[in-house]
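Data block below; observations after.
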Amino acid sequence: MQETKTGVLVVGAGIAGLAAAFAADRAGADVTLATKAERPEEASTWWAQGGIAVTRDDPEQFAADIRDASAGTADPDAVEVLVENATDAVRDVLIDAVGIEFDTNGDGYDFGREAAHDEPRILHVDAQTGKHIHVPFLNYVADETDITIREDTAALELVRHEGKVYGAILERDGDWAPTFAGATILATGGVGALYPRSTNPDDATGDGIAMAALAGADVADMEFVQFHPTACHTDEGTFLVSEAVRGEGGVLRNGDGERFMPEYHPDAELGPRDVVARAVRSERDASGEVRLDVSGFDFAEQFPGLAAKCEGHGVDWESGIPVAPAQHFLCGGVAVDDRGRSSLDRLYAVGECSRTGVHGANRLASTSLLEGLVWGLRAGEDAVGHPVERIEPPELLERDPDLPANFAREKFRRLRRVMDQQVGIERTSEGLRRAQGVLRRLKGEVDAYVRTRTSRSLYELRSASVVALLIARAAAENDESVGCHYLADADAAAADEQVPAESP
Ligand SMILES: Cc1cc2nc3c(=O)[nH]c(=O)nc-3n(C[C@H](O)[C@H](O)[C@H](O)COP(=O)(O)OP(=O)(O)OC[C@H]3O[C@@H](n4cnc5c(N)ncnc54)[C@H](O)[C@@H]3O)c2cc1C
């Protein structure tokens, strides 16, 4: 592989990377977009179902909904940036440039409404909005711009020196070389591969967060891992059953056929995701299973894509869809400002791998595509105009063909088990302490291999082990249950404090 140079290097081709590349190209930069994906389905963007929220008549209410969903922890300035730029970004880029036709009804756009949104404000295409955005956006970037696209090409390591980033080492087919860039934008998505059950694509190993953290960039809010309450797990894999199904009247029933959500939250099935996820888990533990009863409305008519998916997975939805929580989204990531700038010079992060402050401790549904779009555009624009400088790149070791085939598999199994049991939907201080011990040892074992050989799967494993430790550490340092960070022992202690002392 040849050493190359580019004005702006974007790593990742989900909505955030595409938006960043689009904006940098429009601002006149020479742009390279590298993605380890070979197919669009390897980005979470492709899988998004419900849609993308936009600002309608009441921006203040949209901002309030985001802040409320985050339990008051979202950064108000970041929320304002999102809300103020939402409609222009969607209209100018997705509708006018890329030509996406969001669903309409007789009155114009058919705005959908999801849990914790005060009004219908979600643009969608069927219930498969992600692929209807992602594929045309990829085609637009390939056909209508001068962006150089490098598929099946993974960034392994940042090229950096003294707080400044000069590009990244890119790998393809076991061969690698540096690409030097005036600015580098990480858009590598989420961390689903750290958990045994996730709605994300399999290779969401948190590479961008790991590369940035190893280079010394600040990361924040890593403990806030969101679990979706209703994923369906079959031998064929895991798929998400969107909140919109509960919005239409889907009802959760335990193994005894009883509806249970009204006992857990006044908004029942439409309560906050973390509350519903914990309730589903607890009812499954107690009664063996939880099903989403969709008999109250015409499921096949309203969700044809989901009905087909159930059938493809051998699920008889007429007797209720079996559901369980699954890892879904990371609210934290590389800490960035309102233009996606990280704490390192010339390094940006956008989309799910970044922490803008918009989500705080919990994310409002249908705001992450929007965050990726808005921050992608702002970062892409800001990243233009820096000189491309060459420095001595880090030396990676020759590939050793003798990497044991089951090495990564075994380590991933161990990592996922500890993340699921100790750093999952419910945590305890003791569990987090033990998890850090296991993860530190595991990272040590992986690092020892990374020092002797180079391969993409080994670097993905390294990313996963770095990010897992960041999550466990952040969770251990936060002794307050908030948003999607739930400490069962803190909760029990708080409950104890409220019990009145017995009279003598
Ligand atoms: C099933 C599902 C449903 C969802 N529904 C919605 C919804 O309705 N509305 C909403 O707003 N959000 C939704 N989300 C969340 C949303 O889809 C994601 O948060 C968002 O798409 C993330 O976009 P991104 O561009 O940051 O990352 P992604 O779309 O995940 O893209 C990451 C890209 O980075 C590449 N990459 C990763 N590592 C490397 C590397 N080392 N080198 C090179 N390339 C790399 C990947 O191959 C990929 O191209 C959903 C998510 C899932 C999984």
Side-chain angles (χ1 to χ4, degrees), residues 9-21 32-54 112 114 122-125 127-134 137-138 149-158 168-172 185-193 198-211 226 228 230-232 238-244 306 309 326-331 333-334 349-354 356 358-359 363-373 375-376 456 459-460 462-464:
L9 171 63
V10 180
V11 182
I15 192 165
L18 290 169
T32 298
L33 176 63
T35 171
K36 70 178 178 182
E38 290 178 79
R39 298 171 304 129
E41 295 92 305
E42 290 165 30
S44 286
T45 298
W46 193 91
W47 293 94
Q49 293 183 356
I52 183 163
V54 290
E114 288 188 63
I122 298 162
L123 289 173
H124 58 95
V125 187
Q128 296 180 301
T129 309
K131 78 173 177 191
H132 291 290
I133 290 178
H134 197 203
F137 206 171
L138 278 168
I149 302 175
R150 294 172 65 178
E151 288 177 341
D152 189 12
T153 300
L156 301 183
E157 192 106 49
L158 295 172
I169 307 276
L170 300 184
E171 178 272 350
R172 186 182 166 134
I185 302 180
L186 299 170
T188 54
V191 300
S198 170
T199 60
N200 294 185
D202 292 345
D203 57 1
T205 41
D207 301 355
I209 301 170
M211 284 188 282
Q226 190 177 63
H228 199 287
T230 54
C232 180
T238 293
F239 65 92
L240 181 81
V241 184
S242 159
E243 223 132 41
L306 261 178
K309 198 169 274 176
Q327 188 281 343
H328 186 53
F329 182 81
L330 177 66
C331 300
V334 181
V350 292
E352 196 170 331
C353 73
S354 69
T356 60
V358 160
H359 307 301
R363 172 179 76 105
L364 179 67
S366 288
T367 53
S368 54
L369 290 173
L370 182 62
E371 181 198 37
L373 178 69
W375 257 264
R456 189 185 299 187
Y459 270 75
E460 289 181 327
R462 182 182 72 161
S463 297

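Starting from 1, each residue takes its place in the sequence as its number. First listed ligand is number 1; within each ligand, the first listed atom is number 1.
For D152 and R456, the salt-bridge test passes: some basic side-chain N is under 4.0 Å from an acidic carboxylate O. Ion pairing between E157 and R462 holds under the 4.0 Å rule for side-chain N and carboxylate O.
The immediate protein surroundings of ligand 1, defined as residues with any heavy atom under 4.0 Å of it, consist of V11, G12, A13, G14, I15, A16, A34, T35, K36, A37, E42, A43, S44, T45, W47, A48, Q49, G50, G51, T153, A154, A155, A187, T188, G189, T199, N200, D207, L240, H328, F329, G351, E352, R363, S366, T367, S368, L369.
Evaluation of the side-chain contact (heavy atoms from CB on, under 4.5 Å) rule for A168 yields L9, A155, L158, L170 as partners, not counting sequence neighbours. Partners of T205 according to the side chain to side chain donor-acceptor pair (under 3.5 Å) rule, which considers only residues two or more places apart in sequence or in another chain, are K36, D207. S366 pairs by the side chain to side chain donor-acceptor pair (under 3.5 Å) definition with E114, not counting sequence neighbours.
Side chains of H124 and T129: no donor on one and acceptor on the other come within 3.5 Å.
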